[in-house]
Every structure is written in C-alpha cells, then in structure tokens.
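First the structure, in the form of structure tokens, and then the observations on it.
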2 protein chains.
Amino acid sequence: MTEPKDYKIAAVDRALALLEALADRPDQGVTSLAKSLGMTKSLVFRLLHTLEERGFVSRDPERAEYALGYRIGVLGERLGKDGALLYAARPVMDALRDQTSENVNLVVREGLKTYVLATRAGRHSIRLFAQAGRNGPLHAGGGSLLLLAYADPSVIDAALSQPLEAFTPYTITDRAKLRQALERIRANGYNIVLNDLDEGAFSVAAPITGADGTIIASISVAGAVARFDEERRESHLKAALDAAAEISERLSIHGPGENGRVKSRA
Amino acid sequence: MTEPKDYKIAAVDRALALLEALADRPDQGVTSLAKSLGMTKSLVFRLLHTLEERGFVSRDPERAEYALGYRIGVLGERLGKDGALLYAARPVMDALRDQTSENVNLVVREGLKTYVLATRAGRHSIRLFAQAGRNGPLHAGGGSLLLLAYADPSVIDAALSQPLEAFTPYTITDRAKLRQALERIRANGYNIVLNDLDEGAFSVAAPITGADGTIIASISVAGAVARFDEERRESHLKAALDAAAEISERLSIHGPGENGRVKSRA
DNA sequence: CCTCGATGTTTTATTGTGTGAAACATCGTT
DNA sequence: AACGATGTTTCACACAATAAAACATCGAGG
C-alpha cells in the first residue's frame, strides 16, 4: 500500500456522509444523526444548516427533523435513472471486460424493447455483437431474456402476445417453451444462451438490482461460441454475477461497502 | 436585515456550488470550473476528488472531465420527483396561504387522474375543498383543467374520450367547449374557474414548470365564491403566478436566484 | 407547578485544515 | 521543438472548522 495521498477535504466528506445517512433513514434529528455518525451535535447542526441553505436537506419546521431536500431531486433528475446506472456500471464493466476479455453489455428494458446502455469491446472479436443505443427484442439475447424473466407479469404477457421473430434457428418462438425458459432463469438467477439472437454467439447475463430492490438492468458477457467451453462458462458466470452484485451494491441506498471499491487502473 | 448569523461551512458550501455548476453544465474540467466559480484550481481539484470518492461526481478518465455521479441519482431516486416538488413547494405554499388567506393546493397529474400532493388550509373556510392524497378528475377543477391543458395531445384525447362526469351544473361536459377552454388556458397561462367541481368554490390555478421545462404541476388558490370579487381575482392571480414561478425557479437546474429566497417566518 | 432530562441552538478557544500561490507534469498544438 | 493550456502536487499560513460546554426550549412525570 502506497498510502495514496489523501486529498479528501474532511468537512465536505462529512457533509456527504450526512446526506447518505439521511437518505438511509430520513426524518432524523440533530442528536440522532450526531450519534450515529460519531460527530458532535454542533457540527451536525452546522452541516445541516449549510446543506439546508442550498436545499440539499429540508427541515420539518415543527418537528425539527431533517430529510433530503428538493435540490437532490432536481440534480438527480438531471442525471436520470439511466445516468446513475451508467455511471455506477462504468468501472465495473471495464473490470469485467479485463477479466473475461469478452464483450460486455449493459442492457435495460424500455417497454417491450430492450436498449443497450453501454458496451465494452472484448479483445477477441473484431465485431461487436451489440452496439450502444441499439434497440433489441425482449425474447432473444442473454440480457433481454433475463430482463423479461424478471419483468412484471403483465409485461411478459404483452411481450408474448406479440409475434416472436426468429433471428436464428435457435431463437425460442414457442410461447410455452419461452415461459419455461423464463421460469428457469428466475430459478437460476442468471441466464446463459447460445446462438439465439446472433448465430455463433454466446451470452452470460446476470441481473442488476436497483435502489428499490427491483431488477432494472442486466450485465452480460458475450462472445463467440468457439471460445466458450465448460471452464469459461463457469468463470464468466461468476464474473458476471460478481459484477452485477457490485453494481447493485453501488446503486443501493446504503451505497458501496468499504470493500466494494473498484481498484483503479495502475 | 438582522445579519442572520452565518453558520455556513464554507468548504461544504463550495462543494455544493460545485455540484450545482456541474449539473448546470456537465463535462467540465478543473480549470473551467475554477474559473466560473472563482475558486483556485487546487481547491476545485480537491473538492472534486472528495466528491468523486463518494460517487457524487464521476470523472471521464480519458478526458479528465467531470459530471454528476451516480450517487446523486441514487439519492435523488430516494426522494422522487414528487419529493423534490413537494419540498420545493412547501415554503412557497405557506407564503401563498399567508398572502391570500385562502386554501392552497398543489396538484399533479397521474395518467388520466389528478392527485393532490399537498394543501394549506386558508383562514376562512371551515371545510377544505381538497385533501392531500385525493384523486380527482382531469376535466374539472382549476388545477386539473390547467394540467390537462398543458398535457400531451394524446392525453387530452384520451381524457376526452372518457365519459365526462358533471360534478355540478357548471362542469363543462361538452367536448368542444372543453377544448376551447383548454385553448384559452394555454393562451392565458393560468386558469380561473368557478363552481365547476365544488359548487360555491372558486379556484385560481397557475402552472409549475419542472427542470426539463415541461409543466408538471399546478398550484392554486381556492375558496368560497362569496369572497371572490374583482380585486381579489387580480391579487390571487398574481400571487398564484408568482408562487408558481418561484417553485419553478427552485426546480430549475439553475436553481433559485439570489432573489428567490423565501423569507422564513419571524 | 416545578424539576428533570433530552433536544436543539449558540458561544468560544484552539487546532487543525482548508486554502491560495506557485512549482511541476502532461498533454495536444502550432 | 517550443509553446500554451490543462491537470496534479507541494507547502506554509491564516482562518475557519471543530469540540466542549453553556444556554434555551420543550415535554414528561412526580
């Protein structure tokens, strides 16, 4: 450990910790916050005062309890749900790509389509299977099927009531079989497919959980089936699941644990 | 001015200013931020560093440019759109109530219904016309009609294709007349109705604009028609429009101007 | 009704820390 | 190759953040 230069400015860091604490449990008073954060009351008081002036926290005037303020919402809106996901996923995707040397895709659902939010190109393949910003079907592709599996039943019904295009001979177009596949995905907690969207491609997908506990995205490792053997199947799966867990952790209200820090590139 | 004791912590305040600046214009570098905020580079650098460690800003590693980080999105999600609106509106609603002595309602649209987010009870009326959390129709009531007027055309069509209940003899149920009324609301930029939802009640409603520039809510002054004369009509209208502007300003990405501060209760 | 305890608010002194200036590094550009 | 602009790091000092403790305010309970 090279004792990596602490440029943190303590006052700011404390203020941010305070915000996190309020997000975690709103409607706390000065004393309660001070206790749980190990700060003095006067410090907490002044931090809150500063944050309040800018609308980052708001005080219930009657009960002298604080909560996150509207400005957080305004700034958050600017970022958008996708933004939070994207930013949280970025370094994790980099790491996953480095680990697997394969393509990495971050996919979300929008209505009855899927949407590739971001990709990382693997080392091997010349051609990327997915491209950022690309729309895709819900019933084919590792990440897409996974998202469908965890979608609201009404969404599943709607998706299955549409015509199911066969992108390859391996695409599942039989509705009963598709439901079975979804069932198995939910049972496993991941999804591995071969050739169903792009012929010659495999995809190992894991679910990402948002702050509210629902599954909001999938991250997947994808590449050419030629390179896909039993050993890689295991390692890719573990890597994808770990990456998904890491991103989910970052998106959780409690934030990334002390452990979860992604090591920056040397 | 009583020179109100500055409890602000400068470092924290600067950090927040930095966040605002990044929200305002993302993808800025250290120098640009330093210049526009009148801080030194080193300070900005360290503030950014601190914010980055907690995920409140994120850096594009290649281009060394910063933007809001995922953590803002996570916390913002916690608050929700309604939360931001509610917290931003609270003090303004208090002030509006004090000015007008009438009921004040904050209404948003949800699908083809409206929803009362918050109310302030006026001095006069014993009975509150609206109650927080209450659903209402889209085609009657000062705030509701206003929201309908500014809604997407598809929403208007959908709303008009439903049966239009007559809550009082004054409720507009004729679709052509309703469309005319909506037209007039858009032309005026406000809406004043009498008796159309509750008999004996007037409502003066003004539109609130969200961070993205669309109209997301209405704030209205409402009371008994008996107390509604030409003079009050003018003063209530101006008060409502001012209040709406104030809230909109707070919700804008640029934030409340120096002027916009709501004076706290003595 | 008064006292007690708990909470939020204000003051104050001291130290530590946030700060600016300036040196340094690292780019891309002409 | 030299320049200019940008990001990074160092460093010394002043001032501002901090902890402790006093004060205010409120409610509960005897």
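Below, chains carry the letters A, B, ... as their sequence lines are ordered, and counting in each starts from 1. This is a predicted model, so every value here is computed, not measured.
- The existence of a salt bridge linking A/R71 and B/E20 is confirmed by a sub-4.0 Å separation between a basic side-chain nitrogen and an acidic carboxylate oxygen.
- Atom pair B/K8:NZ and C/dT10:P shows a separation of 15 Å (rounding to whole Å applied).
- If you take CG of A/L47 and C1' of C/dT17, they are 15 Å apart, rounded to a whole angstrom.
- Side-chain atoms of B/A10 lie closest to D/dA17 of the nucleotides D/dA17, D/dT8, C/dT11.
- Residues from residues 15-26 of chain B placing a heavy atom under 4.0 Å of any atom in DNA chain C do not occur.
- A salt bridge is defined here as a Lys NZ or Arg NE, NH1 or NH2 lying under 4.0 Å from an Asp or Glu carboxylate O, and B/R59 with B/D27 fails to meet this definition.
- The distance between atom CD of B/E65 and atom P of D/dT8, rounded to the nearest whole Å, is 12 Å.
- Using the six-membered ring where Trp is involved, A/H49 and B/Y7 have ring planes that are perpendicular, over 60° apart on the 30 and 60° scheme.
- Taking atom CZ of residue B/R59 and atom P of nucleotide D/dG7, one finds them 11 Å apart after rounding to whole Å.
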B/S/- contact track for nucleotides 20-30 of chain C, protein heavy atom under 4.0 Å: BB---------
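- Checking B/L96, B/V104, B/N105 one by one against B/R120, the side-chain contact (heavy atoms from CB on, under 4.5 Å) holds for a single residue, B/V104.
- A salt bridge between A/R97 and A/E102 is absent, with no side-chain N of the basic residue lying under 4.0 Å from a carboxylate O of the acidic one.
- A sub-4.0 Å separation between OP1 or OP2 of D/dA5 and a side-chain N or O of B/T31 is absent.
- Separating the CG atom of B/L48 from the C1' atom of C/dG18 is a distance of 15 Å, rounded to the nearest angstrom.
- For A/L37 and D/dT18, the CG to P distance is 13 Å, given to the nearest whole Å.
- C/dG16 atom P lies 18 Å from atom CD1 of B/I9, rounded to whole Å.
- For the side-chain contact (heavy atoms from CB on, under 4.5 Å) with B/L47, the qualifying choice from B/L16, B/V57, B/L18, B/L33 is B/L18, the only one to do so.
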Stepwise salt bridge (charged side-chain N to carboxylate O under 4.0 Å, His left out) check, B/D98 with B/R123: CA-CA 9 Å; B/D98 292 346; B/R123 296 268 154 62; 3.5 Å; yes
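- Remark: B/K238 engages B/D242 in a salt bridge, criterion side-chain N to carboxylate O under 4.0 Å.
- Picking from D/dT8, C/dT19, D/dT10 the nucleotide with the shortest atom distance to the side chain of B/F45 gives D/dT8.
- Contact between the side-chain N/O atoms of B/Y7 and the OP1/OP2 oxygens of C/dT9 is not found at any separation under 4.0 Å.
- Ranked by how close their nearest DNA chain D nucleotide is to the 5' end, B/Q28 and A/A11 are led by B/Q28.
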Steps toward ring-ring contact (aromatic ring centres under 6.0 Å, His included) verdict (A/Y70, B/Y87): CA-CA 5 Å; A/Y70 72 94; B/Y87 285 135; 8.3 Å; no
